[in-house]
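Written out below as structure tokens is the structure these notes cover.
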Number of protein chains: 2
Amino acid sequence: MGAVVGRKRGFDRDEVLDQITRAFWRDGYQATSVAGLTEATGVNPPSLYAAFGDKRALFTGAVDRYQATYGRFASRALDEEPTARQAVERMLTEAAVEYTTPGRPRGCLVLSAPELHELRDQAMRAVEAKIRHDVDTGALPAGTDAHRLAVFVAATARGMSSLARDGATRAELCDVARTALSAWPAPVP
Amino acid sequence: MGAVVGRKRGFDRDEVLDQITRAFWRDGYQATSVAGLTEATGVNPPSLYAAFGDKRALFTGAVDRYQATYGRFASRALDEEPTARQAVERMLTEAAVEYTTPGRPRGCLVLSAPELHELRDQAMRAVEAKIRHDVDTGALPAGTDAHRLAVFVAATARGMSSLARDGATRAELCDVARTALSAWPAPVP
DNA sequence: CCCAATCTGTAACGTCCACTACAGAACGGG
DNA sequence: CCCGTTCTGTAGTGGACGTTACAGATTGGG
């Protein structure tokens, strides 16, 4: 079990994966070159390929890491908040913060990369399930269209990510979240 | 005036520019190769370069054409509708249709291409000016934050374009527009 | 202290890219 | 009918890309 012998890796795998994640996050899959990654990380191509695989594998590794760290806030809000309303409110207001945090790329990696359509659908379905649960249990009016509301939340998050990438301020994104939430149906009394 | 002599061009310049527009619209600037454009149009590279210039010029020509045709609906709504509310309502509902019209790429070219940040800002400022006018003339409540509302409209349009690219239906986009409009401030009576 | 195993840097591989040199074909004016 | 002019197709240019062959460096086990 474990490597029996051999020269030790000359770089911190997690640290390098983080730099790779930020590169893909900032520039997207296509615009990020392996040569650029070696320059950003100081790790030469053979070592990158040995540690992570080809460019596609580098990207999926970066996406996995993104979801486990920077993008974790969304599923956390859905898991930890009791109602859909509270979960979406927290998700969107935290998104305003996450999408404009200095020292990292702006916006959301998953919402920006065209090739991650599947992950976006998953996220939207999770929001829809949270809403549907509240409709079923009577916390939201019986007539509420859970799918429609989830699509609207998805649109808001995507719009916020796009605006963040174009340089929108944190306050502007908070206002977008607040305005969007004003379209939320009144809770059952 | 006019060319004095010489062989005539073997293709319809506008028709070819339209195919080029659709290619950039569908795949973006980077993912569109000149080789792909020659295949899509049947026009060889030297003729393309003679007629339009280099790849960057091809792209800006395509964007210009897009704004003059497919994307015209937005500025038309702002120009032709009397109130900001009516203009935005028409803009978003027509966007739902335009973004999902069969036989052409989905979503908006300007909202999808990262390099067109400037054009997006222009569009948002136009919406903001329309709203500010209604606030100044009393058609909207005096406390209305025109900028904040314009950013929200921009977020909605971007969200709709992104959803359209991921395959959202026309009905879903109409619902997003309707829900977003429910956040519009009540008009002054 | 040697050895098999693993990682490292150098330097290249073939492929695709945007772009163009060149020669010939099609045109209208004289 | 020739001529200058403009367009066209072929066939390349140099460069960037993702990926890897290879030889040397470094490790721990025996």
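Proteins come first, then strands; the chains are lettered A, B, ... in the order of their sequence lines, and each starts at number 1. Because the structure is a prediction, the values reported are computed rather than measured.
Distance alone, capped at 3.5 Å, is enough to place a donor-acceptor pair between the A:R13 side chain and the A:A51 backbone.
Shown here are the ring-ring contact (aromatic ring centres under 6.0 Å, His included) partners of A:Y49, two or more places apart in sequence or in another chain: there are none. For A:E115, the side chain to side chain contact (heavy atoms under 4.5 Å, CB included) partners at least two apart in sequence or on another chain are A:Y29, A:R56, A:F59, A:A113. With sequence neighbours excluded, the residues that form a side chain to side chain donor-acceptor pair (under 3.5 Å) with B:T83 are B:Q86. Applying the salt bridge (charged side-chain N to carboxylate O under 4.0 Å, His left out) rule to A:R165 yields no partners; only residues at least two apart in sequence or on another chain are considered.
More than 12 heavy atoms of other residues, nucleotides or ligands sit less than 6.0 Å from atom CD of A:E80. More than 12 heavy-atom neighbours from other residues, nucleotides or ligands sit within 6.0 angstrom of CD on B:Q19.
For D:dT8, the OP1/OP2 oxygens have a side-chain nitrogen or oxygen of B:S47 closer than 4.0 Å. Put simply, B:N44 has no side-chain N or O that comes within less than 4.0 Å of OP1 or OP2 on D:dT8.
Taking each heavy atom of B:T100 and B:R106 in turn, the nearest pair found is CG2-NH2, 3.5 Å.
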Close N/O contacts between protein and nucleotides 28-30 of chain C (under 3.5 Å):
none

Protein N or O to nucleotides 20-24 of chain D N or O, pairs below 3.5 Å:
{"unit_1": "D:dG24", "atom_1": "N2", "unit_2": "A:R7", "atom_2": "NH1", "d": "3.4"}

Acceptor/donor pairs from residues 133-143 of chain B side chains to any protein atom, 3.5 angstrom cut, sequence neighbours excluded:
{"unit_1": "B:D134", "atom_1": "OD2", "unit_2": "B:A84", "atom_2": "N", "d": "2.8"}
{"unit_1": "B:T137", "atom_1": "OG1", "unit_2": "B:H133", "atom_2": "O", "d": "3.0"}
{"unit_1": "B:T137", "atom_1": "OG1", "unit_2": "B:D134", "atom_2": "O", "d": "3.4"}

Quick one: side chains of residues 5-12 of chain A, donor-acceptor pairs under 3.5 Å with protein atoms, not counting sequence neighbours, listed by atom name and distance.
{"unit_1": "A:D12", "atom_1": "OD1", "unit_2": "A:D14", "atom_2": "N", "d": "3.0"}
{"unit_1": "A:D12", "atom_1": "OD1", "unit_2": "A:E15", "atom_2": "N", "d": "3.3"}

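Listed by first and then second residue, the side-chain hydrogen bond (donor to acceptor under 3.5 Å, both in side chains) pairs that reach into residues 64-76 of chain A are A:D18-A:R65, A:D18-A:Y70, A:R22-A:Y70, A:R72-A:S75, sequence neighbours excluded. The stretch residues 140-150 of chain B participates, sequence neighbours left out, in these side-chain hydrogen bond (donor to acceptor under 3.5 Å, both in side chains) pairs: A:E172-B:H147, A:T179-B:R148, B:E128-B:H147.
Nearer to the 5' terminus of DNA chain D, by closest-nucleotide assignment, is the contact made by B:V43 (compared with the other of A:K55 and B:V43).
A:E81 and A:K130 are not joined by a salt bridge, as no carboxylate oxygen comes within less than 4.0 angstrom of a charged side-chain nitrogen.
The CZ-P distance, from A:R9 to D:dG28, rounds to 15 Å in whole Å. Here the C1' atom of nucleotide C:dC7 and the CG atom of A:D12 are 16 Å apart, to the nearest Å. Rounded to whole Å, the distance from CG on A:L48 to P on C:dT6 is 19 Å. Put simply, CZ on B:F52 is 15 Å from P on C:dC19, counting in whole angstrom units. Distance CD1 (A:I20) to P (D:dG18): 13 Å, rounded to an integer number of Å.
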Quiz item: So what is the 5' to 3' dot-bracket string for DNA chain C, if pairs are Watson-Crick or G-U wobble with both distances under 3.5 Å, crossing pairs use [ ] and | means the partner sits on another strand?
Solution: ||||||||||||||||||||||||||||||
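Of the residues in residues 32-40 of chain A, A:T32, A:S33, A:V34, A:A35 come within less than 4.0 Å of DNA chain D through at least one heavy atom, sorted by number.
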